[in-house]
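This report refers to the structure that appears directly beneath it.
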Amino acid sequence: MAKIAMKTPLVEMDGDEMTRILWQMIKDKLILPYVDLKTAYYDLGLKHRDETDDQVTADSANAALRLGVAVKCATITPNAQRVEEYGLKKMWKSPNGTIRAMMDGTVFRTPILVPGISPCVRNWKKPITIARHAYGDVYKNTEIRVPGPGKAELCFTDEEGRETRETIMDFGGSGIIQGIHNTDKSILSFAHSCFRRALDMKQDLWFSAKDTISKTYDHRFKDIFAEVYEADYKRAFEEAGITYFYTLIDDAVARVIRSEGGFIWALKNYDGDVMSDMLATAFGSLAMMTSVLVAPTGQYEYEAAHGTVTRHYYRYLKGEDTSTNPVATIFAWTGALRKRGELDGTDDLCAFADRLEKATLDTIAGGQMTGDLARLFEGEAQTLTSAQFMDAIAARM
């Protein structure tokens with residue numbers, strides 16, 4: 001069988017632990033037999049990041065900006081225990097955070113629905129996409145441990161040396177202080193990415209924050225979204241028959257639970273992180289959640305929304321079979337291949353991505369799946385190892 005040709009390479013960002021094992025398995029069993037795969041390969045495994053002083057992460061992000069489409073495996077963000085385990089030079093930053101900052105992108109996460117696995121919220125009939133701002137807030141914070149009584153101030157010094165000060169707290173004893181920031185440029189990019197994605201998906205866009213309490217920080221987000229919508233997108237939304245509205249996050253949570261789904265919910269960085277995990281769990285599993293980073297200049301980076309599945313990796317190292325769910329990682333590959341096909345005008349590549357996704361979902365709907373899904377499945381379920389599950393998908397292909 002002639003393999004499907006690619007015109008332009010994907011940026012391939014390899015990762016860590018069990019997801020790294022699944023990554024190679026997906027390529028060998030589900031992609032390479034059918035596609036003449038072209039990739040610009042970057043090893044983002046923790047040891048190689050340490051060997052390159054994390055330069056490989058920056059190089060991969062620049063490659064994504066240059067080539068337009070990337071696919072990323074899950075990676076470790078090291079803590080003190082990981083520094084010791086891997087003998088690292090230092091506690092390197094999150095590669096996801098580095099890539100998101102360099103691409104100035106917004107993360108869109110959408111659950112993968114499959115017949116036989118119903119959401120916990122009974123009225124959810126369609127996927128809900130989380131649009132997560134990928135810059136600032138607690139992920140770029142500065143923190144101080146207050147040792148005792150004293151005055152804490154927020155101070156900004158402009159280029160001419162003029163200071164603006166606000167008292168944070170007159171401490172009567174010990175405590176803690178945290179400083180967070182954002183930029184108009186990043187919020188503008190976030191807004192444009194959200195509005196464009198809503199038009200692409202033909203779905204309503206909700207944005208929620210807490211401007212009644214955060215009258216400067218959160219209110220700035222609200223104002224920028226409103227200005228961008230009125231100036232650049234209102235007519236296009238009306239022509240597409242979709243809507244945009246802002247509401248307080250308290251109200252949005254209630255609306256989301258009562259809804260049937262089928263919309264994009266835009267949130268600030270931390271809110272989006274937490275709510276995407278909540279939605280993934282409520283829809284079934286973190287391993288059934290797609291994630292794509294969309295840059296305002298039109299580049300895309302696809303990944304799974306979950307981590308490296310450390311517990312299963314330790315079992316794998318002992319020679320044990322695991323039933324680790326590869327679906328989100330498969331869909332990261334199909335998303336990237338489809339987008340590459342769309343941008344290059346390679347219809348066969350887009351059709352292949354569609355077929356692989358259908359084969360994956362049909363395998364689950366037919367009762368063959370990994371253990372996490374078998375516990376949720378509303379019918380007769382056969383629990384397979386990761387390799388057996390991918391073999392079953394390949395058979396359907």
Side-chain angles (χ1 to χ4, degrees), residues 6 8-32 37-105 107 134 139-140 287 291-293 295 299-319 322 324 326 328-333 335-337 340 386-387:
M6 292 178 62
T8 310
L10 291 172
V11 178
E12 179 184 352
M13 304 173 181
D14 210 344
D16 286 301
E17 298 189 320
M18 199 64 215
T19 44
R20 188 183 182 98
I21 307 302
L22 297 176
W23 190 262
Q24 190 61 47
M25 212 182 288
I26 290 165
K27 288 170 62 178
D28 291 343
K29 292 176 180 284
L30 302 178
I31 297 173
L32 291 174
L37 187 64
K38 293 181 180 179
T39 70
Y41 179 85
Y42 293 86
D43 184 358
L44 266 57
L46 186 52
K47 288 184 177 179
H48 193 241
R49 278 184 273 146
D50 190 63
E51 290 165 359
T52 64
D53 294 333
D54 210 28
Q55 182 60 42
V56 67
T57 304
D59 291 345
S60 71
N62 283 322
L65 289 168
R66 184 177 72 255
L67 293 173
V69 184
V71 58
K72 181 182 174 294
C73 184
T75 46
I76 296 169
T77 299
N79 55 17
Q81 182 265 321
R82 294 293 202 169
V83 171
E84 181 179 351
E85 178 184 355
Y86 281 84
L88 305 178
K89 299 171 187 174
K90 60 184 285 188
M91 198 181 299
W92 300 106
K93 293 181 179 179
S94 160
N96 285 344
T98 299
I99 293 165
R100 289 166 188 165
M102 290 183 65
M103 293 183 67
D104 193 23
V107 179
Y139 303 89
K140 286 273 186 182
S291 182
V292 55
L293 177 71
Q299 294 88 358
Y300 300 80
E301 182 248 300
Y302 293 82
E303 61 181 333
H306 58 73
T308 59
V309 202
T310 305
R311 181 171 55 88
H312 284 197
Y313 181 62
Y314 291 155
R315 288 175 51 195
Y316 171 83
L317 291 178
K318 294 177 183 177
T322 68
T324 316
T329 307
I330 292 171
F331 274 59
W333 273 103
L337 290 168
R340 183 79 277 164
S386 303

Review point. Under the salt bridge (Lys or Arg N to Asp or Glu O under 4.0 Å) rule, what pairs show up with a residue in residues 65-76, not counting sequence neighbours?
Key: Lys72-Glu303

Study note, to complete from the structure: Contacts of Lys27 meeting salt bridge (Lys or Arg N to Asp or Glu O under 4.0 Å) (sequence neighbours excluded), chain-then-number -> Glu12

**Study point:** Residues in side-chain contact (heavy atoms from CB on, under 4.5 Å) contact with Gln55, at least two apart in sequence or another chain
**Key:** Thr52, Ala58, Asp59

Review point. Does Ala61 have any side-chain contact (heavy atoms from CB on, under 4.5 Å) partners at least two apart in sequence or in another chain, and if so, which?
Key: Ile99, Met102

Check your understanding: Taking only residues two or more places apart in sequence, or in another chain, which ones meet His312 in a side chain to side chain donor-acceptor pair (under 3.5 Å)?
Key -> Thr324

Point to revise | Test side-chain contact (heavy atoms from CB on, under 4.5 Å) applied to Ala70 - qualifying residues, sequence neighbours left out | key: Val11, Met13, Ala64, Glu301

Check your understanding: Which residues satisfy the side chain to side chain donor-acceptor pair (under 3.5 Å) test with Arg100, sequence neighbours excluded?
Key -> none

Review point. Residues in side chain to side chain donor-acceptor pair (under 3.5 Å) with Thr8, at least two apart?
Key: Asp344

**Study point:** Sequence-distant partners of Glu85, salt bridge (Lys or Arg N to Asp or Glu O under 4.0 Å), two or more places apart
**Key:** Arg82

Exercise for review: Tell me, please, which residues at least two apart from Tyr313 pass side chain to side chain donor-acceptor pair (under 3.5 Å).
Suggested key: none

Review point. Among all residues two or more places apart in sequence or in another chain, which pass the salt bridge (Lys or Arg N to Asp or Glu O under 4.0 Å) test with Asp43?
Key: Arg20

Exercise for review: Applying side-chain contact (heavy atoms from CB on, under 4.5 Å), name anything that partners Asp50, two or more places apart in sequence or on another chain.
Suggested key: Leu88, Lys89, Trp92

